[in-house]
Every structure is written in C-alpha cells, then in structure tokens.
2 protein chains.
Amino acid sequence: MRDRDLATSSSPARATSRRPPYSIDVILFTPRGAQLAVLCVRAADPRSRERWQLPTDWAAGDETLDVAARRVARAAAGVEPTWMEQVGAFADGQRHPGGATLTVAFVAVVPATVLDVANPDVAWFSVGEPPTLPPRHRVMLDAALETLRTRMDYAPIAFKLLPAMFTLSELQQMYEILLGRRLHKASFRRALQGAVLVEPTEEWRSEGRGRPAQFYRFAPRKRRQGRRPVRFDLL
Amino acid sequence: MRDRDLATSSSPARATSRRPPYSIDVILFTPRGAQLAVLCVRAADPRSRERWQLPTDWAAGDETLDVAARRVARAAAGVEPTWMEQVGAFADGQRHPGGATLTVAFVAVVPATVLDVANPDVAWFSVGEPPTLPPRHRVMLDAALETLRTRMDYAPIAFKLLPAMFTLSELQQMYEILLGRRLHKASFRRALQGAVLVEPTEEWRSEGRGRPAQFYRFAPRKRRQGRRPVRFDLL
DNA sequence: CGAATTAGTACCCGCGGGATACTTATGTCA
DNA sequence: TGACATAAGTATCCCGCGGGTACTAATTCG
C-alpha cells in the first residue's frame, strides 16, 4: 500500500546506531472557526499505541534547526509556515515515536486558507480536544501553546495569519483565536493605536451587513521601531 | 504535490555511523556586587581560539536533560544550582568547543555565598564585560540572560538566591541585580503585598546602622495559590 | 543631643484598561 | 420608505496601579 508505506516513513525509523540522533518535531497551528487547530499525522508504525502523532523527522547533519523544522512542516502540511519559533529540547524519558532520545520542538502557524488537506494521513484537531498522542508529543503540544501565546506580544504572529489588508475586527478575532479568550474592543484598538502597529488604508469592506469596516495594513518596520511591544496579555 | 509526498516520504538523511552526540551547556549566574556574574571555565583544548568558554559536557544516554545539566553545573561550580531552566537548543552552525552539532543550553543560578572558587580553571565574569567566548557560547549567553529575566515574574528565582529569612531591601536588591536595573521602593513593596509573595516574621535585623529591618520569609505555596504573578518587569 | 543612615509609609498624580453606552453606516424587510 | 437589525467605531466615566516625592520611624555614630 503506497499510502501506508509513505505514512510509515513519516516517523523516524528506530535508531540503529549506538548514538541515536535527534528528531525535529513541529507543532503546527492554524485558526479554525473560533479555535486553534493542530496538525497531526497518522501514526504509521503498527507498533504505535496511539493512532495520531505530531509531524516529525530526523535532523539532517548539514541543516540548521530552523531549516529542518520548515522541511518537516512543509512535508506534513504542504506549505511553509508563515511564522515559526523553537519551543525547546525534550528528552526526559517520555516515549516518542521512532524512539528519538532527544527532540527539538518547533511551534509554527499557517493561515486558514490552506486548510485543504486531501491527504488522509493528515488531519487538524482542535487544541481543546486533541487526539491521544504519544507522551512526549502530549507534553510538547502544551509547551508549544505556551510558547505561542507568550510570544504574541513581541512577534506579529496574528498578522502572519491574515491577508495584507484586514479590518480591525478581523485582527481582533485572530488575536482572540490565538490567545484563546475574548478581548475588549476599545482596549484592543487603543493598544494598537498606541503602538502604531497598523495603519489605515483607503479601502473599505463592501460585503456583508452593518457598517463597512476600514481596511488596515501592518505598519512597516520603519514606522514601528522604538515603540514598546503591546502587552495583549494584559488586555 | 511533491512536497506533500515528502511529508510522508522516507528521506531522513542517513546518519553517519558515528553521529556526534549533543552537548549540555550551562550558563550559571550568581549575584556579585551590584551585577550578575557568569561562570566560565578555561578552554582546555589548546586549539581553541578563545581562552574561556561556558561549562559543557556531552549528554549521557541515560540521563534526563535536567540531570545532565545539574551534573555539568556541579562539575564546574562545585555546588548544585538553586534554580535552573532550559534555554533551548542551539545548532545553527556557530562554532562550539568540542564540535557538538547540537547543544542544549540551560540557565542556572547559585547564591553568592558559595563563590569560593579555588580552581584556577574556573572564574566568574561580570555579564557586562564577559570574556571572548566561542561563537555559539556568545549567543547562548545572551539567550540565557533573556530567559532568566523573562522567567522572573513566574519563578521565585530571587528567593532561591537568598537565605530563608531576608529583609525587603535585600529582596529588592536581588531583583535589581537579576533584572539589571533599579526598581521603585514603594511600588516594589506594593507589588509584593498584593501578590502575598512574602510574609513577615518576628525577627528583626540587629546589625548595621539605620532603622532595623523586619525579616520576611517566602510565603508557602498554600498561601500564594490563585494569585496572579507579579509583573516586576512593569515596575 | 544632633547628624547620618536605613526602613517603611502616605500622599498625589497620571496613565491606561474595563465597562457602558453612544454614534455611524450599512443591509433587510415589512 | 421607514423601522429594525447588524456591525464598526467612538466617547465617557471609573478605578486600579505604578511613579514621584516627601514624609515619619528607628537605629548608630560622633
């Protein structure tokens, strides 16, 4: 079975050498509805106790960690993440598919527009109800969410999940999905205004009911430098 | 399409039979005067371009990362760190003593009372004027400081550097050393009060000039739970 | 006793976030 | 065509909290 074989090799083969190398695993999130979803791949190893796991592969010797992680993400999702950051190294004994002694985990995001996953060995799960994962992957998923949310004040993650032009309501919804909780409208806009994170365009949204919304764009570096980060976690 | 197939294709770059393992490096800080100091060890390899480097060792197969890091710290400083946390994995090509392809870095602290380093191959350097370090260690030092300071709101690092009983002035000084900047006295005490992080004892400091200071102790978990962390970075 | 020193507190001010309610601008439908 | 629904965007008030300043308190030293 072609699919089966392909899926099988998605997890690192059991290490045969005396010193097993390390794996690069990616926790890939995307906004889906009002929640975040995490990308899982079907466990191919028939000995695996769990049916799903996170995208993983061995690190190649000549790759940097970032490049390797992008490769793993692209292999699983079919597209490049629009934002990515290292979560850390995990090696504290929990079982890992493939038996890697050490795993370097990365958290990444992709926009919702590329959710067309035809591959039956890949699926998105709500972060609220993830499938049963191998122990180390379970730990890494929680750590990845933690990293994602603590980085939101400093990295423009929400913008990397939206088109170049967006309304402030869309931006706020994206922040709410990423942070997993509601934000206050007036405070949100005040914070954006204060940090000069966005600038208005001449475009207005025409579709839909209600008052049209003005489109904004992410403010270029030049106009943002020197500004302190917005502490959205305080809103 | 090809990329997606790669998602499940078996192309883990074949490891050489003798793949080098990863190293565990520790960035160990201690309060010294009004500044932090970092522990460095003399470069043993005569081919090393730099005279100093950070404590490092290969990871043993059967150790967890934490245990290995504690071992490295103990070997260099002679004592166990009182607080430690992982910084991350570093493997982006910078030169590393020993030639490790991957390094897992830990940040740790020890109280100032154990500064008696008789070993001439070990020395403390002010973080403001560190010695020339191998490239990867230079990067790791900055990352470790960053990790230390961002964790201060959530981990009782300052308390781990003080005796069981301390005055609020001593506590504030410790926070100032760790954060690298002055704090406002009234705000600092208000924040402590609000978070119920400390509780007064019946003891008073007898030594020294000026008004005696009341001794406090770190409040036990039971009395602190439910309280939100103190954002000392906002003070 | 008074000056110096350190600990601890009181007061005021201003900023910024939360809540609420309001205005504005569209679509929908009777 | 006008009332209503819907969504965007704003105004206003309140209050908590951090910063600045200056004050009081308790000790040592000369």
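Only heavy atoms go into these numbers, but all of them, side chains included; no hydrogens, no water, no symmetry mates. Naming: A, B, ... by sequence-line order, numbering from 1 per chain. Since the model is a prediction, treat every value here as computed from it, not as a measurement.
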* Asked: Within the structure shown, what part of the strands sits under 4.0 Å from A:S169 by heavy-atom distance: base, sugar-phosphate, or nothing?
  -> sugar-phosphate
* Just compare D:dT27, D:dG9, C:dA25 and give me whichever is closest to any side-chain atom of A:P212. => C:dA25
* A:F166 CZ to A:M174 CE distance, which is reported to the nearest 0.5 Å -> 10.5 Å
* If we ignore angles and hydrogens, is there a donor and acceptor under 3.5 Å between the side chains of B:R32 and B:S126? -> yes
* To do: For B:L192 and D:dC17, give me the distance from atom CG to atom P, rounded to whole Å.
  => 14 Å
* Asked: How long is the line joining CZ of B:R189 and P of D:dC23, in whole Å?
  -> 19 Å
* Whole Å only: how far is the NZ atom of B:K185 from the P atom of D:dG20? -> 14 Å
* Measure the distance from CZ on A:R209 to P on D:dA3 and round it to the nearest whole Å. => 20 Å
* Base C:dG27 to side chain A:R211, donor-acceptor N/O within 3.5 Å cut-off -> no
* **Nearest-nucleotide 5' precedence on DNA chain C, A:A186 against B:R205** => B:R205
* Within a radius of less than 6.0 Å around CD of A:Q193, do more than 12 heavy atoms belonging to other residues, nucleotides or ligands occur? -> no
* **Whether over 12 other heavy atoms sit under 6.0 Å from A:R51 CZ** => no
* Asked: Atom CZ of A:F188 and atom P of D:dT10: how far apart are they, to the nearest Å?
  -> 14 Å
* **Nearest-angstrom distance from the residue atom CD of B:Q193 to P of D:dC17** => 13 Å
* Asked: Which whole-number value in Å describes the distance from B:F166 CZ to C:dT6 P?
  -> 21 Å
* **B:R190 side-chain N/O to D:dC17 phosphate OP1/OP2 under 4.0 Å** => no
* Asked: Listed by chain and number, what are the salt bridge (Lys or Arg N to Asp or Glu O under 4.0 Å) partners of B:E146, not counting sequence neighbours?
  -> none
* Which one, C:dG8, D:dG9, C:dG17, comes nearest to the side chain of B:A213? -> C:dG8
* Asked: Starting at NE2 of A:H184 and ending at P of D:dT12, how long is that distance when rounded to a whole Å?
  -> 16 Å
